[in-house]
Amino acid sequence: MAASEEERHLTLTGDFDCDPSPLSTLRHSTSHVMAQAVKRLHPEVRLAIGPAIEDGFYYDFDRSTPFTTDDLARIEATMREIAHADYRFERREMDRTEAIRFFRERDERLKVEILEGIDAPRVSLYEQGEFVDLCRGPHVASTGRVKHFKLLSSSGAYWRGSEKNPMLQRIYGTAWLTAEDLEKYLWRVEEAKKRDHRKLGRELDLFDFHEVAPGAPFWLPSGMVLVRELEKFARESLDAHGYQEISTPLLVNKRLWEQSGHWEHYQDNMFKVEVEGETFSLKPMNCPESTYVYRRALRSYRDLPLRLSEMGRCHRNERSGTLTGLVRVRQFTQDDAHIYCRPDQLQDEITALLALVREWYKVFTLEPSFKLSTRPEKYLGTREQWDAAERALAEALRANGLAYDVNAGDGAFYGPKIDVDVHDVLGRQWQIATIQADLTMLPERFQLEYIDADGQPKRPVAIHRAIFGSYERFIGILTEHYAGAFPTWLAPVQARVLPISEKHADYARTVWERLRGARIRADLDDRNEKLGYRIRDAQMRKVPYMLVVGERERAAGTASLRPRTGEDVGAVALDRVVGDLTREIAVRAPDLTVGRS
RNA sequence: GCCGGGGUAGCUCAGAGGCAGAGCAACUGAUUCGUAAUCAGUAGGUCGCGGGUUCAACUCCCGCCCCCGGCUCCA
């Protein structure tokens, strides 16, 4: 996989500083124009780097005070002047040593530091007007090409991405080839804000956060419906796929973490508890404990694969600044499983797992993308073990007909893995599922064995996997994916009965009871409000079906059906409403189907 | 954890040394309504928490907590 533009700037890999496509080039050039504007307005700032990124660009500046929104407005105005002046982007080459001298004279310390780290004898500079920057290009012809852009925000960012380094001031902006594209992007950002799961979670009464428990949600009745439906879905599927569910303790003596290696490597992220002079910790992962279940009996090669699933509630002490709604929490529940198998079973297990991942995501109309991460520099086990495992994972991906990227060297120290991402409406990429082959960690540290056909003890392979990732994050992503309008099987309220006036309350109640009798999550809105008001309310709560009942409906034994999609389906016989709804829920249909023939 | 911005009624937000505000929601009453907001009235507050300055602090100063945008880290 090609390195991102940001990567290239940070690591100086590749031939260019940005992807030579028109859009990346434009964004890269826009970042130079921004740096030029900043230097004009604030000559004292020193330049760091300014790459193109997804949806835009940024530039980092060394400056003691942060940029304010007023600063951004002035910078943007100056950028427009620079664009109007239409300076040519001129490329110039010089010897590295000469370039070091050049930037040293200008007191551009960070540029000098970059140059000192390069081993190329010659380097290139790009110049537009009075502005010069160390850069490998490419760039647009002149600043006049920079037209459709907007500065978005400023924030702190560490030099070279390491928190050991000083903090710089970063300005983010976006740039597009046409005005329409820019408009569309800004609209998308607005739309994403509307779908923010934190906002929808509050509006739809799904969950709450409170200062007394940062990073841990309070699930409200409506949100708990989502949790329960997802759990039910997962259990049904896992039961059918040969898993056995277990549950292991939350609070565990530190001895276990010393054995698993977490105490050495993960201690800072663990919540510790002193109990009668002994140290315990809330589990940050479920894997070490699942080995106790494995080791409980002497396992035969015939027992494998052993698939142990767990709704594992984990606690990780994430740094305070990183918490974000449901997608980054301190307490979460993984849909975890550990599969213990013989090395020769690895490929089939992974193949089946990938099929399961696709099957699950299809239900939610989520588009996954797959990444295979391979042997890192520091690894446990033998090369032969790794080669065989990587081959098994790659073959499994191929067997499922899946395209995938390779993240070379990005595997865990104990084995290669496949990560699955989805994109949310904000364009953010979330890692959801992970499938990790574990050749050594659990098997070696916990001395796992099975008795093979030849009567000899052998070491099994473990697979760690989660498909939703965590219920919390998954519900956060689903909320934004559906904009709160969950498919009927997930919807906290599936149908709402609306009597036209008090006169129809009795019939409305029988309709309501009929729905509830069929185990449909229905409610009755017989408040003393006009019908329009109550329809608006149900609409904003994103209730899939409204059943409006008045005199006509009572006489005919029907309900007027108004799906939240807004169309008027008209009067539908109650039997049919109940039948269609029950079916729609049972098959976990992605769309609303009731009353349509 | 770091940089910046915030925290005022259930929600969205105004107010910036001198009586705490609005809209929506809630509650009460009237209205009995046919597909996205009926009218009138009532009630609602430790202005995040703690300390300081002042005759007087929501407002100024210090510390802390939490939230938001990034950085770093990550399911």
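All values below come from the heavy atoms of this structure, side chains included, with hydrogens, waters and symmetry mates left out. Proteins get letters first, then strands, A, B, ... in listed order; numbering begins at 1 in each.
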Pair partner, [N] [Watson-Crick or wobble, under 3.5 Å]:
N: B/C71; result: B/G1
N: B/G44; result: none
N: B/G63; result: B/C49
N: B/A22; result: B/U12
N: B/A36; result: none

ask   = Which heavy atom of A/A216 sits nearest a heavy atom of A/Q331, and at what distance?
value =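 Smallest interatomic distance, heavy atoms only, reads CB-CB, 4.1 Å.
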
key: Nearest non-hydrogen partners of A/W257 and A/V252, listed with the distance   = NE1-O, 3.5 Å

request  = Map A/R170 and A/V329 onto RNA chain B by nearest heavy atom, then report which one ends up closer to the 5' terminus.
outcome  =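 Taking each residue's closest nucleotide, the earlier one in sequence belongs to A/R170.
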
inquiry  = By nearest heavy atom, map A/Y172 and A/F468 onto RNA chain B; which one lands nearer the 5' end?
reply    = A/Y172

message = Less than 6.0 angstrom from the centroid, inside 45 degrees of the normal: does A/R509 satisfy that with respect to the ring of A/Y507?
response = no

key: Within 45° cone and under 6.0 Å: A/R63 NZ/CZ vs A/F61 ring   = no

query = In chain order, what residues pass the ring pair (Phe, Tyr, Trp, His ring centres under 6.0 Å) check against A/H315, with sequence neighbours excluded?
reply =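 Scan of A/H315 (ring pair (Phe, Tyr, Trp, His ring centres under 6.0 Å), adjacent residues dropped) gives none.
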
Name the nucleic acid region contacted by [X], choosing base, sugar-phosphate or nothing; use a 4.0 angstrom heavy-atom cut-off, strictly under.
X: A/L323; answer: sugar-phosphate
X: A/G325; answer: sugar-phosphate
X: A/G469; answer: sugar-phosphate
X: A/I432; answer: sugar-phosphate
X: A/E203; answer: nothing

message = Would you compute the distance between atom CG of A/D410 and atom NZ of A/K417 and round it to the nearest 0.5 angstrom?
response = 6.0 Å

Span that lies between the [atom1] atom of [M] and that of [N], in whole angstrom:
N: B/U53; M: B/C58; atom1: P; result: 15 Å
N: B/U35; M: B/A43; atom1: C1'; result: 33 Å
N: B/G17; M: B/G1; atom1: C1'; result: 36 Å
N: B/G50; M: B/A57; atom1: C1'; result: 15 Å
N: B/G4; M: B/A14; atom1: P; result: 22 Å
N: B/A36; M: B/G18; atom1: P; result: 47 Å
N: B/A9; M: B/U32; atom1: C1'; result: 32 Å
N: B/G63; M: B/C2; atom1: P; result: 13 Å

Separation of atom [atom1] in [X] from atom [atom2] in [N], rounded to whole Å:
X: A/L326; N: B/C74; atom1: CG; atom2: C1'; value: 16 Å
X: A/E502; N: B/U32; atom1: CD; atom2: P; value: 9 Å
X: A/M167; N: B/G4; atom1: CE; atom2: C1'; value: 10 Å
X: A/D60; N: B/C2; atom1: CG; atom2: C1'; value: 14 Å
X: A/K199; N: B/C67; atom1: NZ; atom2: C1'; value: 16 Å
X: A/Y266; N: B/C74; atom1: OH; atom2: P; value: 8 Å
X: A/D525; N: B/A25; atom1: CG; atom2: P; value: 13 Å
X: A/R330; N: B/C73; atom1: CZ; atom2: C1'; value: 13 Å

key: Test log, rule side chain to side chain donor-acceptor pair (under 3.5 Å), inputs A/Q267 and A/K272   = CA-CA 9 Å; A/Q267 211 190 134; A/K272 292 158 204 161; 3.0 Å; yes

inquiry  = Walk me through whether A/Q436 and A/Y414 qualify under side chain to side chain donor-acceptor pair (under 3.5 Å).
reply    = CA-CA 9 Å; A/Q436 308 187 352; A/Y414 51 77; 2.4 Å; yes

Ignoring backbone atoms, test whether [X] places a side-chain nitrogen or oxygen under 4.0 Å from the OP1 or OP2 oxygen of [N].
X: A/R527; N: B/A26; answer: yes
X: A/R328; N: B/C73; answer: no
X: A/K503; N: B/C33; answer: yes

ask   = Do the rings of A/F364 and A/F468 sit parallel, tilted or perpendicular, given the 30° and 60° boundaries?
value = perpendicular

ask   = In residues 309-322 of chain A, which ones come under 4.0 Å of RNA chain B, going by heavy atoms?
value =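 When residues 309-322 of chain A is checked for heavy atoms under 4.0 Å from RNA chain B, the hits, listed by number, are A/R316, A/E318, A/R319, A/S320, A/G321, A/T322.
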
Side-chain atoms of residues 559-566 of chain A: list all donor-acceptor pairs with protein atoms under 3.5 Å, sequence neighbours left out, distances to 0.1 Å.
from   : atom 1 : to     : atom 2 : distance (Å)
A/S560 : OG     : A/E553 : OE2    : 2.6
A/R562 : NH1    : A/Q539 : OE1    : 2.7
A/R564 : NH1    : A/F486 : O      : 2.9
A/R564 : NH1    : A/K542 : O      : 2.9
A/R564 : NH2    : A/A485 : O      : 3.3
A/R564 : NH2    : A/F486 : O      : 2.7
A/T565 : OG1    : A/E567 : OE1    : 2.4

inquiry  = A/C287: which residues meet the side chain to side chain contact (heavy atoms under 4.5 Å, CB included) condition with it, sequence neighbours left out?
reply    =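 Here the qualifying residues are A/M285, A/H338, A/L442, A/H464.
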
key: Working for salt bridge (charged side-chain N to carboxylate O under 4.0 Å, His left out), residues A/E113 and A/R109   = CA-CA 6 Å; A/E113 191 181 323; A/R109 310 180 277 280; over 6 Å; no

query = Any donor-acceptor pair under 3.5 Å linking the side chain of A/T324 with the backbone of A/V327?
reply = no

salt_bridge(A/R74, A/D71) N-O dist < 4.0 Å =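 Counted as a salt bridge, because a side-chain N and a carboxylate O are separated by less than 4.0 Å.
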
task = Using only heavy-atom distances, determine whether the side chains of A/Q334 and A/N286 contain a donor-acceptor pair under 3.5 Å.
result = yes

Distances for protein N/O vs nucleotides 6-12 of chain B N/O pairs under 3.5 angstrom?
from  : atom 1 : to     : atom 2 : distance (Å)
B/G7  : N2     : A/E211 : OE2    : 3.4
B/C11 : O3'    : A/R202 : NE     : 3.4
B/U12 : OP1    : A/R202 : NE     : 3.4
B/U12 : OP1    : A/R202 : NH2    : 3.0

remark   = A correct 5'-to-3' footprint of nucleotides 35-47 of chain B, with B, S and - meaning base, sugar-phosphate only and no protein heavy atom under 4.0 Å, is BBBB---------

ask   = Do A/Y58 and B/G70 share a donor-acceptor pair, side chain to base, under 3.5 Å?
value =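 Between B/G70 and A/Y58, which were checked side chain against base, a qualifying N/O pair under 3.5 Å is absent.
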
